[in-house]
There are 2 protein chains.
Amino acid sequence: MTSERTWTIAELADELGVTHRTLRHYEQLGLLSPERRGPQRVYRRGDRVRLELILRGRRLGFGLAEIGRIIGMYDEQPGEVGQLRYLLQRVAEQRAQLQQRRHDIDAALAELVEVERRCLADLRQLAGEPAARQPGQERDR
Amino acid sequence: MTSERTWTIAELADELGVTHRTLRHYEQLGLLSPERRGPQRVYRRGDRVRLELILRGRRLGFGLAEIGRIIGMYDEQPGEVGQLRYLLQRVAEQRAQLQQRRHDIDAALAELVEVERRCLADLRQLAGEPAARQPGQERDR
DNA sequence: CTTTACGTTGACGTCAACGTCAAGCACTGC
DNA sequence: GCAGTGCTTGACGTTGACGTCAACGTAAAG
């Protein structure tokens, strides 16, 4: 009953839109470590979750090394007080970085909205005043 | 009176935290095109703004080619109807992508908060029960 | 007048993140 | 029994984004 769903390398790669080469690459870097059934890789739910985390980090523009450090934070053992303090500090740094990125995105979105506004204004301009050169030309196609 | 502030390559690079090599690289890719006073590059306010846009795009994880297309959208001429429609479409695509990134960031932030919570809980755990080995040790320093 | 500082153009090096063979094992179907 | 299909491990190639080095021009400072 507790027979978890597993994936072959091709299945997992397909589902998440990467190639098997990418998975092997991440494994070499220590970002993934699937089990082996003989020589074959067997990916379990946990591996899939990790991979999704990696891909999200990639979309956010982090390098694989930094991604490794980030997801390392998620599954770190309690450990001793010093380690916990250190981890908390890294979490704070990471949060600051992500918030900076959020601001960047908001600024970029605001500018895009502005571009869009200008575009629409220009379109109305051209639609409202078709009284320029060559009147009856360039219709709606 | 209208003598704008200008920058040399080293000044601008220093101020924005990149190297002169980076600026020349961006120029080769057509992302920047400063004026020349003889053989020397002279960067004006507009160049600086463009560079800041480029760096923001970089922080967001875009490649330089895509960044070129993005900032190209900002200073595109009105042009004809077809171009305007095309531009609007690209703006929409770009917005969708940025919003996806926002969601990624929000998810990552939420998880970091969770890690932080667990950390603090563990710390309280260790502080509230110092009744283990070596009682009187490891004070607040 | 030479040094020093800052600028210039190539050209090649490097690092990350894969892509792309090549060669081989293991089971499945006919 | 052998031809596919899908997995495996190297090993080398590629692309993007610069770093680095060589060789040279120029303009102010001592």
Side-chain angles (χ1 to χ4, degrees), chain A residues 4-44 47-48 50-72 94 97 101 104, chain B residues 4-44 47-48 50-72 94 97 101 104:
Chain A
E4 286 186 25
R5 160 94 206 255
T6 62
W7 289 264
T8 74
I9 192 170
E11 286 168 355
L12 189 55
D14 273 22
E15 279 192 35
L16 299 196
V18 296
T19 70
H20 67 286
R21 181 65 181 87
T22 301
L23 295 192
R24 282 185 41 219
H25 186 50
Y26 294 168
E27 191 173 341
Q28 279 191 5
L29 300 185
L31 297 180
L32 291 176
S33 36
E35 291 173 20
R36 300 289 178 126
R37 185 114 48 222
Q40 312 235 146
R41 292 167 174 84
V42 176
Y43 295 87
R44 307 176 85 86
D47 298 313
R48 190 194 160 116
R50 279 181 83 88
L51 180 52
E52 286 170 350
L53 284 176
I54 295 171
L55 297 181
R56 195 178 67 195
R58 225 179 47 168
R59 283 196 301 273
L60 293 178
F62 291 104
L64 293 181
E66 192 161 13
I67 290 176
R69 272 173 272 137
I70 295 172
I71 62 183
Q94 189 60 29
Q97 218 184 118
R101 277 200 178 41
D104 285 338
Chain B
E4 286 185 24
R5 161 92 206 255
T6 63
W7 289 263
T8 73
I9 193 170
E11 286 167 354
L12 188 56
D14 273 22
E15 279 192 34
L16 299 196
V18 295
T19 70
H20 67 288
R21 180 63 180 88
T22 301
L23 296 192
R24 283 184 41 221
H25 185 51
Y26 293 167
E27 190 172 342
Q28 279 190 6
L29 300 185
L31 297 180
L32 291 176
S33 36
E35 292 174 19
R36 299 288 179 129
R37 185 114 50 222
Q40 313 234 145
R41 293 167 174 84
V42 176
Y43 295 87
R44 308 176 85 87
D47 298 314
R48 191 195 160 115
R50 278 181 83 88
L51 180 52
E52 285 169 351
L53 284 176
I54 295 171
L55 296 181
R56 196 178 66 195
R58 225 178 47 165
R59 282 195 302 272
L60 293 178
F62 291 104
L64 293 180
E66 191 160 13
I67 289 176
R69 273 173 272 139
I70 295 172
I71 64 183
Q94 189 60 30
Q97 216 184 121
R101 274 192 177 47
D104 285 338

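Here is how names work: the chains are called A, B, and so on, in the same order as the sequence lines, proteins then strands, and each is numbered from 1.
In terms of polar N and O atoms assigned as donor or acceptor, the side chain of R21(A) comes within less than 3.5 Å of the base of dT20(C) in a complementary pairing.
In terms of phosphate contacts, T22(B) brings a side-chain nitrogen or oxygen within less than 4.0 Å of OP1 or OP2 of dG19(D). Within the 4.0 Å cut-off from OP1 or OP2 of dG7(C), at least one side-chain nitrogen or oxygen of T8(B) is found. R58(B) has no side-chain polar atom (N or O) that falls below the 4.0 Å cut-off from OP1 or OP2 of dA17(D). Regarding contacts with the backbone of dC18(C), a side-chain N or O of Y26(A) is found under 4.0 angstrom from either OP1 or OP2.
The CG atom of L55(B) sits 13 Å away from the C1' atom of dC18(D) (whole-angstrom rounding). Atom NE2 in H25(B) sits about 15 Å away from atom P in dT9(C), given to the nearest Å. Atom CD of Q28(A) is separated from atom P of dA17(C) by 13 Å (rounded to the nearest Å). Separating the CD atom of E66(A) from the C1' atom of dA17(C) is a distance of 15 Å, rounded to the nearest angstrom. Remark: P of dA11(C) and CZ of R24(B) are 12 Å apart, rounded to the nearest angstrom. For the pair R36(B) CZ and dG7(C) P, the interatomic distance rounds to 13 Å; values are reported in whole Å. The distance from atom CD of E35(A) to atom C1' of dC7(D) is 17 Å, rounded to the nearest whole Å. Here the P atom of nucleotide dA5(C) and the CD1 atom of I9(B) are 19 Å apart, to the nearest Å.
At least one cation-pi condition fails for R69(A) and F62(A): the charged atom is not both under 6.0 angstrom from the six-membered ring centre and inside a 45 degree cone around its axis.
To the nearest 0.5 angstrom, L23(A) atom CG is 8.0 Å from L16(A) atom CG. One distance of note links CD of Q40(B) with CD1 of I9(B); it measures 10.0 Å at 0.5 Å rounding.
Taking the nucleotide of DNA chain D with the nearest heavy atom to each of Q40(B) and A65(B), the more 5' of the two is matched to A65(B).
In the set dT9(D), dA17(D), dG19(C), dA17(D) carries the atom at the smallest distance from any side-chain atom of L64(B).
Between E52(A) and R48(A), at least one side-chain N (NZ, or NE/NH1/NH2) sits under 4.0 Å from a carboxylate O, which counts as a salt bridge.
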